[in-house]
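Here the structure comes first, spelled out in C-alpha cells, and everything after it is commentary.
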Protein chains: 2
Amino acid sequence: MDSVFKALSDPHRRKILTLLRKRDLSVTEIQKHFPFTGATLSHHLDTLKRANLVITERRGQFIFYSLNTSVFEDVLKSFYSLFSH
Amino acid sequence: MDSVFKALSDPHRRKILTLLRKRDLSVTEIQKHFPFTGATLSHHLDTLKRANLVITERRGQFIFYSLNTSVFEDVLKSFYSLFSH
DNA sequence: TTAGTATTTAGATAGTTATCTAATTATCTA
DNA sequence: TAGATAATTAGATAACTATCTAAATACTAA
C-alpha cells in the first residue's frame with residue numbers, strides 16, 4: 001500500500017487518474033495535458049502502474065491506460081483505517 | 001490538498017495517524033513507537049500539521065497531538081474524486 | 001532562579017524523485 | 001522492408017525529503 005500512497009503524492013499523477021476517469025487514453029493523448037516530456041510522463045505512468053492503480057493494453061500502435069478500479073476499494077479501506085476512531 | 005497527499009505518502013506519518021486514532025498523544029509518547037530521533041519526529045509532525053491532519057495543544061510541559069477529524073471528509077471527497085467514474 | 005524535561009529549529013548530508021536529452025524497442029503503413 | 005510514429009529505457013542532473021547532531025526555546029519543579 002506504500003507504493004499507492006507514494007503514487008498519489010504527486011499532483012501530475014493524480015491528474016492523470018482524473019483524466020482516466022472519463023475514458024481510457026493512450027500515452028499520446030495523456031501527453032497533451034502536460035508540459036513535460038514523454039520520457040517524464042512514461043515514468044509517472046510506470047509509478048501508477050507499479051502501484052496497481054492503472055492497467056495497460058496495447059491496441060496496435062498505441063498503448064492505452066485505464067483505471068484499475070478493482071484496487072480502489074482496498075485503497076479506500078486503507079484510507080479509512082487511517083482516520084476512523 | 002497537495003500537502004495532504006504528500007503528508008500521507010510516508011509510512012511513518014501514516015503510523016502516527018493510526019496511533020492518534022485511539023487517543024491524543026504527546027510527542028514523547030509518539031516517540032516511543034519510532035526508532036529515529038526527536039528532531040526527525042518533530043519534522044514529521046510538522047508535515048502532518050501543515051497538512052491540517054493533526055492539531056496540537058500544549059498541556060503544561062507537554063504538547064499533545066490529535067487527529068483533526070474535521071478535514072477528513074474533505075480528504076475523503078478528494079480521494080473519491082480521483083477514482084469515481 | 002536554576003536544573004531538568006519536552007519540543008522545535010538550524011545546519012549538514014545522504015538518499016530519493018522529477019526531469020531532461022538521447023538511444024532503444026515496438027508497431028504501422030507505404 | 002524502410003521510414004514514421006508511439007512508447008519506454010538509459011544515463012545524467014537538480015530539487016526535494018528524511019535523517020542526524022547540536023543549539024535554542026518553553027515549561028516545570030525544587
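Chain naming here is simple, since letters A, B, ... match the order of the sequence lines and numbering starts at 1 in each.
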Please give, in whole Å, the distance from [N] [atom2] to [X] [atom1]?
| X | N | atom1 | atom2 | result |
| --- | --- | --- | --- | --- |
| B/His12 | C/dT16 | NE2 | P | 13 Å |
| A/Asp10 | D/dC16 | CG | C1' | 12 Å |
| B/Lys32 | C/dT7 | NZ | P | 10 Å |
| A/Lys6 | D/dA18 | NZ | C1' | 9 Å |
| B/Arg13 | D/dA18 | CZ | C1' | 9 Å |
| A/Gln31 | D/dA6 | CD | P | 11 Å |
| A/Leu45 | D/dA6 | CG | P | 15 Å |
| B/Phe62 | C/dT7 | CZ | P | 6 Å |

Q. Got a sec, which residues hit side chain to side chain donor-acceptor pair (under 3.5 Å) with B/Ser81, two or more places apart in sequence or on another chain?
A. none
Q | Contacts of type side chain to side chain donor-acceptor pair (under 3.5 Å), residue A/Ser78, not counting sequence neighbours | A | none
Atom pairs, protein N/O to nucleotides 20-24 of chain C N/O, distance under 3.5 Å:
{"unit_1": "C/dC20", "atom_1": "OP2", "unit_2": "A/Thr37", "atom_2": "N", "d": "2.8"}
{"unit_1": "C/dC20", "atom_1": "OP2", "unit_2": "A/Thr37", "atom_2": "OG1", "d": "3.1"}
{"unit_1": "C/dC20", "atom_1": "OP2", "unit_2": "A/Thr40", "atom_2": "OG1", "d": "2.8"}

Is there a side-chain contact between [X] and [Y] (heavy atoms, below 4.5 Å)?
| X | Y | answer |
| --- | --- | --- |
| B/Phe72 | A/Leu82 | no |
| A/Val54 | A/Leu45 | no |
| A/Phe5 | B/Phe5 | no |

**Q.** Footprint string (nucleotides 23-30 of chain D, 5' to 3'): B base within contact, S backbone only, - free, heavy atoms under 4.0 Å
**A.** ---SSS--
Would you list the atom pairs, donor with acceptor, under 3.5 Å between side chains in residues 46-53 of chain B and any protein atom, with sequence neighbours excluded?
{"unit_1": "B/Asp46", "atom_1": "OD2", "unit_2": "B/Arg50", "atom_2": "NE", "d": "2.8"}
{"unit_1": "B/Thr47", "atom_1": "OG1", "unit_2": "B/His43", "atom_2": "O", "d": "3.1"}
{"unit_1": "B/Lys49", "atom_1": "NZ", "unit_2": "B/Thr56", "atom_2": "OG1", "d": "2.9"}
{"unit_1": "B/Asn52", "atom_1": "OD1", "unit_2": "B/Asn68", "atom_2": "ND2", "d": "3.4"}

Q) What pairs meet the side chain to side chain donor-acceptor pair (under 3.5 Å) rule with one or both residues in residues 5-19 of chain B, with sequence neighbours excluded? A)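 Sorted result for residues 5-19 of chain B: A/Asp2-B/Arg14, B/Arg13-B/His44.
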Please, which pairs that meet salt bridge (charged side-chain N to carboxylate O under 4.0 Å, His left out) have at least one residue in [range], sequence neighbours excluded?
| range | value |
| --- | --- |
| residues 29-42 of chain A | A/Arg23-A/Glu29 |
| residues 61-78 of chain B | none |
| residues 60-69 of chain A | none |

Q. Which pairs with one or both residues in residues 45-68 of chain B pass ring pair (Phe, Tyr, Trp, His ring centres under 6.0 Å), sequence neighbours excluded?
A.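 Of all non-adjacent pairs touching residues 45-68 of chain B, none passes ring pair (Phe, Tyr, Trp, His ring centres under 6.0 Å).
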Q) Closest nucleotide of DNA chain D for A/Asp46 versus for B/His44: which of these residues is on the 5' side? A)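 This one resolves to A/Asp46.
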Q) Counting just side-chain N and O atoms, does A/Tyr65 come under 4.0 Å of either OP1 or OP2 of D/dT8? A)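 Yes, within the criterion.
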Q. Partner of C/dA30 by Watson-Crick or G-U wobble geometry, both contacts under 3.5 Å, or none?
A.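 The answer is D/dT1, by the H-bond criterion.
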**Q.** Partner residues of B/Arg58 under the salt bridge (Lys or Arg N to Asp or Glu O under 4.0 Å) criterion, sequence neighbours left out
**A.**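 Per chain and number, B/Arg58 pairs via salt bridge (Lys or Arg N to Asp or Glu O under 4.0 Å) with no residue.
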Q. Do any of residues 47-57 of chain B sit with a heavy atom less than 4.0 Å from DNA chain D, and if so which?
A. none
(Q) I want to verify a distance call: between C/dT8, C/dT7, D/dA7, whose nearest atom is closest to the B/Ser26 side chain? (A) C/dT7
